[in-house]
Peer 1: 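One structure, as structure tokens, below. Some questions next.
Below, chain A is the first sequence line, B the second, and so on; all start at residue 1.
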Number of protein chains: 2
Amino acid sequence: MATIRDVAKKAGVSVATVSRALNDKGYVHEDTRKLINKAIQELNYKPNEVARSLYKKKSRLIGLLLPDIRNPFFPELARGVEDTMQEHGFRLIIGNADENPAKELDYIHTFKQNNVIGLISATNQTETSYYESLGFPVVFLDRTSRQHPSVYADGLAGGKMAAQEIVKRGSKRITLLKGPMELKTAQDRFKGAIDELCHSNVNFNVMTTASFTFDDAEKTAQELFDKFPETDGVIAGNDLGAAAILHEALRRGISIPDELQIIGYDDIPLSSLLFPPLSTIRQPAYDMGKEAAKLLIAIINNELIEQKNIQLPVTFIDRQTTRKVEDNG
Amino acid sequence: MATIRDVAKKAGVSVATVSRALNDKGYVHEDTRKLINKAIQELNYKPNEVARSLYKKKSRLIGLLLPDIRNPFFPELARGVEDTMQEHGFRLIIGNADENPAKELDYIHTFKQNNVIGLISATNQTETSYYESLGFPVVFLDRTSRQHPSVYADGLAGGKMAAQEIVKRGSKRITLLKGPMELKTAQDRFKGAIDELCHSNVNFNVMTTASFTFDDAEKTAQELFDKFPETDGVIAGNDLGAAAILHEALRRGISIPDELQIIGYDDIPLSSLLFPPLSTIRQPAYDMGKEAAKLLIAIINNELIEQKNIQLPVTFIDRQTTRKVEDNG
DNA sequence: TTGAAAGCGCTACCAT
DNA sequence: ATGGTAGCGCTTTCAA
């Protein structure tokens, strides 16, 4: 591996000059620059980012912490972050916290020890103390926060919307699935839904799901039909949960959406691939990632931030697990 | 951030002694060690990995390069790698190459510039020259290779198995979906299937899918039913593709599995959540990730490797997009 | 058993 | 416009 010394020697200049040429800082004569570039070419020289980072105490690396890489919502988020970071010359290192505080802390250390220049965290932990005095800016993604900059979708509105749409379409005995307690975003959408349901003229009951994983989704689905067989409308905590409900309903020969309506949450790519395609509340995952990246970059560049908590709107995606609305006039 | 100097000062010893204590190298008196540990505690000292890495030219970081983080197969792979690496004290940095050679190369540079100690690559590019003379070991995952160590599932057997099972269950006019040309693993399973089909007594035709993405899967599904309406059995290139076929078939009112049988490939978590649940050839993604991690660690530790190309078996998962087999005697 | 000092590759200050 | 050099935090000889 060629070093800056090798380049300097080959170009017949000092390392200081090479460094200046490399970073476009200070004066470098045009001819000298050409000499240097030639040497760089010939040696296939790439600056050692570790040495750079050691001196500057900042790398070009951004940490991205995901709670569960297996939930399709998060890769989508990650892509939004990645694409934006790429454009701005930052590189992403992704950590998967696995809904596990110990792993989360571990990754935060790794990020810190490797001099990341900033961190985007999409984990669910309430333990915000991990993020204090890290020495680099943090943006929370898919999570609200007062103290830290954050990007999230409007969960209250989303929950309300889900309830409105399913009621409007005629469900009378609704089961509302409540996501994990510790997940603030899940609680928001739950709260939005329950508010709306309380103000409407329908019966409903509430079931709590332990987590947003495949396994728990399947368990919850089974339980739902055993406990509340008269349900004619389900508002799920996320699309994975909705997919499991849909699956179980079809298995039991329940006709969708005639006997049972289902509304999911997230609009993960899989949702349109289900049959019938899933009606859901769409969170703009990719855009959320993009916004978080832009926000972090702005902070890194010390731009003044007009809005450090960005809330993105959600939309109802009217597919085929809900009936066509009757009134339209 | 406390440095090793601070610790040394506080403990009243030299930095060299602290370093020795830190790394369990050379002699350190028990009393001195206690003093040092106390200082480390009080200062909440964490060694700077960047400085370490600069000197040793090796970090504790492992690069993992994924072709497409949105395809659920890869997060599964990643989890296998991650869990094993975690156990051994290595940290993972994940890059998403997005099926894009430029991004792939870019990540390889990032890994190199950040002194990763090893790399696991699950990308599809045939461009193996990127991986020459990197200065650290590389293990290919979900990809065969002669020159480099690799871990993959038996695609030939998988394709053959898919064909056998669907023929055994009575499909007579089969459409075989062929994955992207540049994807060696896809070609293997295709080859396995077509070999078997040629030796059997059924008609079949072949359709090529552009890529293994959600969008292309949907397009291919539409096309299939337009072009080959008489198809009574589909062997898909992967589960995403199979899900799209299933979706389109149900949309057109085709009864599954009575009129049409479908076999997928991968067994991603979503497959059992579809309705009817998808019959598929299972690749042990998590285990593949684990094996790749173990192999890389062995190479890093200079252990002698008895087997540098590890092939894992695939299995047929008999769910409900295939009929029950008739003969069983 | 311990410490002084060199050096990993780079940047930035200060001379020239 | 260019170069010498200190120093980022750590590990590792080598000497004591």
Peer 1: Is it true that Asp98(A) and Arg70(A) have a side-chain N and a carboxylate O under 4.0 angstrom from each other?
Peer 2: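 Judged by the 4.0 Å cut-off on N to carboxylate O distance, Asp98(A) and Arg70(A) do not form a salt bridge.
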Peer 1: Within residues 29-41 of chain B, find the residues that approach DNA chain C with a heavy atom at under 4.0 Å, and present them sorted by residue number.
Peer 2: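 DNA chain C contact set from residues 29-41 of chain B: His29(B), Thr32(B).
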Peer 1: Val151(A) pairs by side chain to side chain contact (heavy atoms under 4.5 Å, CB included) with which of Thr144(A), Asn309(A), Asp142(A), Leu141(A)?
Peer 2: Leu141(A)
Peer 1: Check each of Leu295(B), Ile62(B), Leu119(B) against Val139(B) using the side chain to side chain contact (heavy atoms under 4.5 Å, CB included) test, and report the only one that passes.
Peer 2: Leu295(B)
Peer 1: Which letters describe nucleotides 9-16 of chain C, given B = protein heavy atom under 4.0 Å from base, S = only from sugar-phosphate, - = neither?
Peer 2: BSBB----
Peer 1: Going 5' to 3' along DNA chain D, which nucleotides are the first and last within contact of chain B (any atom under 4.0 Å from a heavy atom)?
Peer 2: dG9(D) to dT12(D)
Peer 1: Any donor-acceptor pair under 3.5 Å linking the side chain of Asn71(B) with the backbone of Phe73(B)?
Peer 2: yes
Peer 1: Do Tyr131(A) and Phe140(A) pass the ring pair (Phe, Tyr, Trp, His ring centres under 6.0 Å) test, and can you show the C-alpha distance, the side-chain angles, and the key distance before you say yes or no?
Peer 2: CA-CA 10 Å; Tyr131(A) 294 91; Phe140(A) 284 120; 4.9 Å; yes
Peer 1: Taking only Watson-Crick and G-U wobble pairs with both distances under 3.5 Å, what dot-bracket line describes DNA chain C, where [ ] shows pairs that cross earlier ones and | shows pairs with another strand?
Peer 2: ||||||||||||||||
Peer 1: Determine, stepwise, if the pair Lys103(B) / Asp83(A) fulfils salt bridge (Lys or Arg N to Asp or Glu O under 4.0 Å).
Peer 2: CA-CA 11 Å; Lys103(B) 279 200 191 181; Asp83(A) 287 353; 3.4 Å; yes
Peer 1: Quick one: side-chain contact (heavy atoms from CB on, under 4.5 Å) partners of Asn115(B), sequence neighbours excluded?
Peer 2: Val50(A), Ser53(B), Ser59(B)
Peer 1: Report, as yes or no, whether the 6.0 Å neighbourhood of atom CD on Glu132(B) holds more than 12 heavy atoms from other residues, nucleotides or ligands.
Peer 2: yes
Peer 1: Between Arg60(B) and Glu49(B), is there a salt bridge with N-O shorter than 4.0 Å?
Peer 2: no
Peer 1: Using modelled atom types only, decide if a donor and an acceptor are shared between the side chain of Ser150(A) and the backbone of Arg146(A) within a distance under 3.5 Å.
Peer 2: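 Absent.
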Peer 1: What is the distance, rounded to the nearest whole Å, between atom CG of Asn115(B) and atom C1' of dC8(C)?
Peer 2: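 Rounded to whole Å, this separation is 10 Å.
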Peer 1: For the side chain of Asp6(A) and the backbone of Ala2(A), is there at least one donor-acceptor N/O pair under 3.5 Å apart?
Peer 2: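 Not a single qualifying donor-acceptor pair exists.
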Peer 1: Sequence neighbours left out, what passes side chain to side chain donor-acceptor pair (under 3.5 Å) with Arg20(B)? Give chain and number order.
Peer 2: none
